[in-house]
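Remember, predicted model here, so these are calculated numbers, not experimental data. Throughout, protein chains are lettered first and strands after them, A, B, ... in sequence-line order, and every chain is numbered starting at 1.
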2 protein chains.
Amino acid sequence: MAAGSPGTQGGESLLFLTDEQLRKGIEAMFFAYRAFTADPDRILENYEYGRAHHRAIHFINRQPGLTVNTLLIMLGVTKQSLNRVLRTLVEDGLVEARVGRTDKRERNLFLTDSGAALERELSDAQRARMRAAYRAAGPAAVAGFRQVLEAMMDPEIRRHYQSIKDGAA
Amino acid sequence: MAAGSPGTQGGESLLFLTDEQLRKGIEAMFFAYRAFTADPDRILENYEYGRAHHRAIHFINRQPGLTVNTLLIMLGVTKQSLNRVLRTLVEDGLVEARVGRTDKRERNLFLTDSGAALERELSDAQRARMRAAYRAAGPAAVAGFRQVLEAMMDPEIRRHYQSIKDGAA
DNA sequence: ATTTTATGTCAGCCATGTTGACTTTCCAAG
DNA sequence: CTTGGAAAGTCAACATGGCTGACATAAAAT
């Protein structure tokens, strides 16, 4: 059904929905994502951390004080997976887990100074590539890029994504 | 969302290049990529295959007859990693590895009928999400999406990407 | 004839995902 | 006040898919 080539249906306005166009989009996602993770991965080789640590650090930096459960939802992994990562970060003094004030069962997560330093190092590299791509493509392309990515997310995650502070605010 | 749309006059102020905008782009990549891989991953649970098999099948379908070495470059993994995947696909009769005509050291890779069937099942799911996102965002956004992703790729990979057949041709 | 290339394979290691079971702490509702 | 359930931590076991290193074979290139 969906496998057919709909080049003749819908007229010119739907040419961007042909299977070929969609497959090119799939490949673009794959190749771009690999480049996107390559720079921080290279830096992480110098530490005893991996991509999972990077992701945790990123979101703790973005939403200081977020709870373990919230981070779990953002990362989309099990608590056992996250705990393995989080434990090493706390032990190494990059992340602080403060007992919640209102609900003492919760842990509010914060980056320490050294955690923030690592975050900056990783983020600098990743943003450099993103900045170069944004600059090369231009503002209109960037807006389209963000629109398509947002439309691709699962709805529940999209709400979380949109709730994180936005620089244009 | 207005906050995600830096005006086109941003070419002067470069508002779309703020760190906050770049961080939102980073998060968008992360969340969208996860959704992007979720559908095929769910299907693959019914087989004894994983994401690595999917990627191999995708590129063999896109460039029938490509050599192992070319596939290695596209996937960006070691030959040992690829071989583990490729061997099971050949054993299970999803992929055929024909000895090269001109250079008998090479193996030209093709999908069998059952390999093509699995490719279609996986691709249908992935394209359905991509199509929905494209449709929601519109043709202009899709063009921008592709531009940014292309600019993000490593140059060598970008050449490979561009050499694969494009529906607009 | 020798070297290089393309491929295949074995063995082992690592990071990071999973499920299941169990504990501790603590909020909240009965 | 008791109890049920939520948040978090932990242990164990396992799967996937990266990696390196070492080695084998066939065929092309020199």
Quiz prompt | Any residue meeting salt bridge (charged side-chain N to carboxylate O under 4.0 Å, His left out) with B/E119, in chain and number order, not counting sequence neighbours | solution =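 Residues passing salt bridge (charged side-chain N to carboxylate O under 4.0 Å, His left out) with B/E119: A/R23.
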
It should be established whether [X] places a side-chain nitrogen or oxygen under 4.0 Å from OP1 or OP2 of nucleotide [N].
{"X": "B/S81", "N": "D/dG17", "result": "no"}
{"X": "B/T78", "N": "D/dC19", "result": "yes"}
{"X": "B/R87", "N": "C/dG8", "result": "no"}

I need the [atom1]-[atom2] distance between [X] and [N], as an integer number of Å.
{"X": "A/L86", "N": "D/dA7", "atom1": "CG", "atom2": "P", "value": "16 Å"}
{"X": "A/L75", "N": "C/dG17", "atom1": "CG", "atom2": "P", "value": "8 Å"}
{"X": "B/E91", "N": "C/dT9", "atom1": "CD", "atom2": "C1'", "value": "12 Å"}
{"X": "B/N83", "N": "C/dA11", "atom1": "CG", "atom2": "P", "value": "14 Å"}
{"X": "B/L72", "N": "D/dT20", "atom1": "CG", "atom2": "C1'", "value": "15 Å"}
{"X": "B/L82", "N": "D/dG18", "atom1": "CG", "atom2": "P", "value": "9 Å"}
{"X": "A/N69", "N": "D/dA6", "atom1": "CG", "atom2": "C1'", "value": "9 Å"}

Quiz item: Taking only residues two or more places apart in sequence or in another chain, which ones pass side-chain contact (heavy atoms from CB on, under 4.5 Å) with A/I73?
Solution: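 For A/I73 the side-chain contact (heavy atoms from CB on, under 4.5 Å) partners, ignoring immediate neighbours, are A/E156, A/H160.
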
Self-check item: Residues forming a side-chain contact (heavy atoms from CB on, under 4.5 Å) with B/R42, sequence neighbours excluded
Solution: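 B/A38, B/D39.
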
Quiz item: Roughly how far, to the nearest 0.5 Å, is the OG1 atom of A/T37 from the CZ atom of A/R129?
Solution: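 So the CZ of A/R129 and the OG1 of A/T37 are separated by 8.5 Å.
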
Quiz prompt | salt bridge (charged side-chain N to carboxylate O under 4.0 Å, His left out) contacts in which one or both residues fall within residues 72-96 of chain B, not counting sequence neighbours | solution =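 Listed once each, the pairs are B/E96-B/R98.
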
Quiz item: Angle class for the A/Y134/B/F16 ring planes (parallel below 30°, perpendicular above 60°, tilted otherwise)?
Solution: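 Parallel, since the angle between the ring planes stays under 30°.
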
Practice problem: Look at the rings of A/Y161 and B/F31 and say which category their plane angle falls in: under 30° parallel, 30 to 60° tilted, over 60° perpendicular. | Solution: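 Plane angle over 60°, so perpendicular.
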
Quiz item: With respect to A/D103, which candidate in A/R107, A/R105, A/R101 satisfies the salt bridge (Lys or Arg N to Asp or Glu O under 4.0 Å) definition?
Solution: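 One option only clears the test, and that one is A/R105.
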
Exercise. Could you check which residues of residues 29-67 of chain B get a heavy atom under 4.0 Å from DNA chain C? Sort them by number, please.
Key: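 Those residues whose heavy atoms fall under 4.0 Å from DNA chain C, taken from residues 29-67 of chain B in numerical order, are B/T67.
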
Quiz item: Do A/R84 and D/dG9 share a donor-acceptor pair, side chain to base, under 3.5 Å?
Solution: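 It does not, because no donor-acceptor pair links the side chain of A/R84 to the base of D/dG9 below 3.5 Å.
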
Quiz item: Does B/Q80 get its side chain close enough to the base of C/dG12, under 3.5 Å, for a donor-acceptor pair?
Solution: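 Counting by modelled atom types and ignoring angles, no donor-acceptor contact under 3.5 Å is found here.
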
Tabulated below should be each protein N or O lying under 3.5 Å from an N or O of nucleotides 23-28 of chain C; please produce it.
from	atom 1	to	atom 2	distance (Å)
C/dC27	OP1	A/K104	N	3.3

Quiz item: Will you find, in the side chains of A/E27 and B/H58, an N or O donor that is under 3.5 Å from an N or O acceptor?
Solution: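 Short answer, yes.
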
